[in-house]
Amino acid sequence: MADAIADTRRLYTKPQNLNDAYGPPSNFLEIDVSNPETVGVGRGRYTTYEVRLKTNLPIFKLKESSVRRRYSDFEWLRAELERESKVVVPPLPGKALFRQLPFRGDDGIFDDSFIEERRQGLEQFLNKVAGHPLAQNERCLHMFLQDEIVDKNYTPSKIRQA
Amino acid sequence: MSFFSFGQSAEIDVVLNDAETRKKVEHKTEDGKKDKYFLFYDGETVSGKVNVTLKNPGKRLEHHGIKIEFVGQIELYYDRGNHHEFVSLVKDLARPGEITQSQTFDFEFTHVEKPYESYTGQNVKLRYFLRATVIRRLNDINKELDIVVHTLSTYPELNSSIKMEVGIEDCLHIEFEYNKSKYHLKDVIVGKIYFLLVRIKIKHMEIDIIKRETTGTGPSVYHENDTIAKYEIMDGAPVRGESIPIRLFLAGYDLTPTMRDINKKFSVRYYLNLVLIDEEERRYFKQQVWGGKNKSEGPRGHPRAVFAEEAPALT
C-alpha cells in the first residue's frame, strides 16, 4: 500500500439559507414554575404553582399557556408517564411528610424556603420531562401543561402531530 | 532453566538469517505494553539458525532430539490449557544423542502459510512463533521467538460513500455522509452531518469508535466492547441547514483490521457511533456496523438504529 496522502478536503455542503441561520430556532421551549400561592384554610390548605409555557414546537397545541398546579398534580403526571411511556422519568422534589407533622418550630410545608426549594425542583422536573421526544407524545403531559384542569379520569393516549 | 547443576545444561537461542534487514513492528503484549517483533507476510520463508550453547564446556549434553517448530496458534484466555494450532510445522535438527560442544543448526521453513494477522486482544490472542527444543528425559530446554504477521489487502476497486437520512419523527432529522465505506488503518474519515430538522435542544455531538471482540461459539459466545475513541465534532446547538464537518484521523488510534470468524474461534469488528447529546444529557445515537481497515470489507447489510436509553431510535 503506497503511503498516499489522504484527501481530507471537506465534503460539499449546501450553503445555509439565511432565514434558517438567523431566524428563531425550531426548538424553542420554555417552562417556568413560579408564583406559589397557598389556598384554603386550616388543615385543608395547599400550595399551587403557576406553570407557564412558551414554545414554537408544533406538538404543543398552544404556543403560550399558563395553568396552576399543586404538588399532587405533579405526582400524578410522574406516575402516568412512568406507566404509559418508556421514559425514565426523573424524580420529583421530596414529599416532605415529616414537615406535615405537628409541633414544628417553622411553618412546615408552608415555609417560604421550603416552597422555594420545591418550586425549583418542580421547574427542573418539568423542563427535563417536557423536552423528551417520547414524553411529548403523551396526552397526560399536554393535559398537565396546557389544559385548565387535570382530569384524572382521562383516557391515556399518544399524541401525533397533525 | 535448571537450578540444580547436576550434569550438563545448555542455553538455546534462535536467530533469523535476515535479522539485519527484516523490518520490525510494534505489537501490543497481553499486559498492554508494546514490543518490537520481526514482521512477516503470508508465504514468506522463515529461516535461521538455532544456537545451542553448553553451560559447562567440556561436559557432554545428552538429549532425546533437537527440533525447531513454527507454530501459529489461537489462545483463548479463559481456556489456556487448549491452544488451537492452525499452523504447525516441525524440523528435526538432531537425532537423539549427545553434544560435546556448543553447536549451531540451520533451519528453513519454506514459503510458510500465515493465513491470519497477529492479534492480541482482551480475551483472545493469535500469535506466531518459532520454538526450538532440546528434548531431555526430565526437562526440555526450549526457547520461543515470537514474530508478527500482517495480512495484506489491496485498495478496493469500488469504495462508495455512505449517505443516509435518519432521525426521530418531527423532532430531529439529520443526513450523515461518510466519504468511504471501507477505511484502512491509516485512513481519514471525512464526512458531514447536515441538520434538516432540529426541535430538540442539542448540547454537543461526537463520534465514537467501538471495538467488539467476540470469542466462543454457540451458547458461550462472549462479546467484549471497548470504546476506542470519543471524538467531539460539535459543541453547541445547531439549527436547520447547518452542516458539521467530520475529519477523523484513524492513525492516532489503536486499531486492528476487522477479523471475521478467525478459524471459527473469534471475531473483531468495529462500529462507528454518531452520538448527539441534548441539554438534559439524553443520548441519541446512530450505529454503523463497520468493516474496513486492512481487510476489504464494507458495512454490514442495513445500518441499525440503536438507542442508549429509552428515547426513540434514529431510523
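Within every chain, numbering begins at 1; the chains are lettered A, B, ... in the order of the sequence lines, protein sequences first and strands thereafter.
Side-chain atoms of A/Arg10 and B/Lys192, non-hydrogen and from C-beta on, never get closer than 4.5 Å to each other. Side chains of B/Val239 and A/Gln16 form a contact here, defined as non-hydrogen atoms less than 4.5 Å apart.
The residue among A/Asp7, A/Asn19, A/Leu29, A/Asn17 with the most heavy atom pairs within less than 4.5 Å of chain B is A/Leu29. Heavy-atom pairs under 4.5 Å with chain B peak, among A/Pro25, A/Ala21, A/Pro58, A/Ala135, at A/Pro58. With chain A as partner, the option from B/Ala237, B/Pro245, B/Cys171, B/Ser243 having the largest number of non-hydrogen pairs under 4.5 angstrom is B/Pro245.
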Could you go through the side-chain contact (heavy atoms from CB on, under 4.5 Å) check for A/Arg160 and B/Asp170 one step at a time? CA-CA 9 Å; A/Arg160 289 262 5 249; B/Asp170 300 326; 3.9 Å; yes

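Proximity to chain A (any heavy atom under 4.5 Å) is restricted, for B/Glu169, to the side chain, taken from C-beta onward. Only the side chain of B/Arg247 comes within contact range of chain A, with heavy atoms under 4.5 Å apart.
Here the closest non-hydrogen pair linking A/Leu57 and B/Arg199 is CD2-O, 3.6 Å. The two residues B/Glu280 and A/Lys128 make their nearest non-hydrogen contact at OE1-CG, 2.8 Å. For the residue pair A/Asn27 and B/Ile200, the shortest heavy atom distance occurs at ND2-O, 3.1 Å. Considering every non-hydrogen atom in both A/Leu11 and B/Asn179, the closest pair reads CD2-CB, 4.1 Å. Shortest non-hydrogen contact noted between B/Tyr194 and A/Lys14 is OH-CE, 3.4 Å.
In A/Arg9, the CZ atom is not crowded: 12 or fewer heavy atoms of neighbouring residues, nucleotides or ligands sit closer than 6.0 Å. No more than 12 heavy atoms of other residues, nucleotides or ligands lie within 6.0 Å of CG in A/Asp112, so this atom counts as exposed by the packing criterion. By the 6.0 Å contact criterion, NZ on A/Lys152 is enclosed, its count of non-hydrogen atoms from other residues, nucleotides or ligands being greater than 12. The environment of A/Glu148 atom CD is sparse: at most 12 non-hydrogen atoms of other residues, nucleotides or ligands sit within 6.0 angstrom. Under a cut-off of 6.0 angstrom, the local environment of CZ in A/Arg69 is crowded, with over 12 non-hydrogen atoms contributed by other residues, nucleotides or ligands. Residue A/Leu97 places its CG atom among more than 12 non-hydrogen atoms of other residues, nucleotides or ligands, all under 6.0 Å distant. Taking a 6.0 Å sphere around OH of A/Tyr22, one finds it holds 12 or fewer heavy atoms contributed by other residues, nucleotides or ligands. For A/Lys158, the NZ atom is densely surrounded, since the number of other residues' heavy atoms within 6.0 Å is greater than 12.
The distance from atom OG1 of A/Thr8 to atom CG of B/Leu248, rounded to the nearest 0.5 Å, is 12.0 Å.
By the side chain to side chain contact (heavy atoms under 4.5 Å, CB included) test, A/Asp111 pairs with A/Arg99, A/Asp106, A/Asp107, A/Ser113, A/Phe114, sequence neighbours left out.
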